[in-house]
Chemist: 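Before anything else, here's the structure in question.
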Amino acid sequence: MLSPCRAEATLAVSTENAGAAFHQKLEIWMTEFVFAPQAPVGVPVRGSNASFPVRRVYCVGRNYAAHAREMGSDPDREPPFFFCKPSDAVSYVADGTEGTFPYPPGTGNCHYEVELVVAIGKGGRDISVEQAASHVYGYALGLDMTRRDLQNESKKTGRPWETGKAFDKSAPIGPIVPVSAIGHPEKGEVTLSVNGVEKQRGDLSDLIWSVPEMVSYLSKLFELQPGDLIYSGTPEGVGPVVKGDVMQCHIAGVGDMTVKVV
Ligand code: MN
């Protein structure tokens, strides 16, 4: 007989397009859980009924030279670096819809950062730059929303960045576009406007670490797994939003995304 906890989780998982094998495995594990675990986070794949199951969210800091300079660092001396967001910070915005971003608590200076997101389809350790592209399932357009005041406080005090970066709903994302549909975009404009006024403009060709380089580097520090996302860094022009603002994001060849701050 199913415990209430077990029944609940079974229902949650089957509505997430999870595979039958995983479903079965979860039912066995369920006997050990004291309450129903969270359903996996899925990001729909464009042109498909299936979703990309999110495992971890890695983010690259200062991966465009002009943005590194605007944040007060010298890109010639300090290489990019990584931080993480929890997978349940991912907030999906469907094509052609206006997503919502709830203005987060604890900040008076919440910034947008438009970014190309890399979706890992095949895991591995010590992946070479040459092999890295074969580990990528697809790409998406994402926002690395940031409580800049809390991040700056963390930098000043030498504390971790979680409060500035890893808050709830801090990672809006559009659909995953598979490599089979668009290949590996290496150039193309990246823009963000707020209320129709352009604020950010860059080009994928200006990434300090290319996608293969970031995948390779990361795989030497962590074992990558299918389902990992990598937010690849933002171009210059970051700035604050307030409730009521509408952010329009664009990456050539990948997509468009509109998100309202509520
Ligand atoms: Mn960022």
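Remember, it's 1-based here, ligands and their atoms both numbered in the order they're listed. In this chain, numbering begins with 1 at the start of the sequence shown.
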Chemist: Please find the N/O/S atom of Glu113 nearest to the Mn ion (ligand 1) and write down its name.
Modeler: OE1
Chemist: Looking at Glu213, is its backbone amide N or carbonyl O close enough to the side chain of Ser216 to form a donor-acceptor pair, meaning the two atoms are under 3.5 Å apart?
Modeler: no
Chemist: Do Phe222 and Tyr58 have ring centroids that are under 6.0 Å from one another?
Modeler: yes
Chemist: Roughly how far, to the nearest 0.5 Å, is the CH2 atom of Trp161 from the CD atom of Gln151?
Modeler: 4.5 Å
Chemist: Check all N, O or S atoms of Asp144 and name the one closest to the Mn ion (ligand 1).
Modeler: OD2
Chemist: Between Phe81 and Trp209, is the ring centroid distance below 6.0 Å?
Modeler: no
Chemist: Hey, which N, O or S atom on Glu115 ends up closest to the Mn ion (ligand 1)?
Modeler: OE2
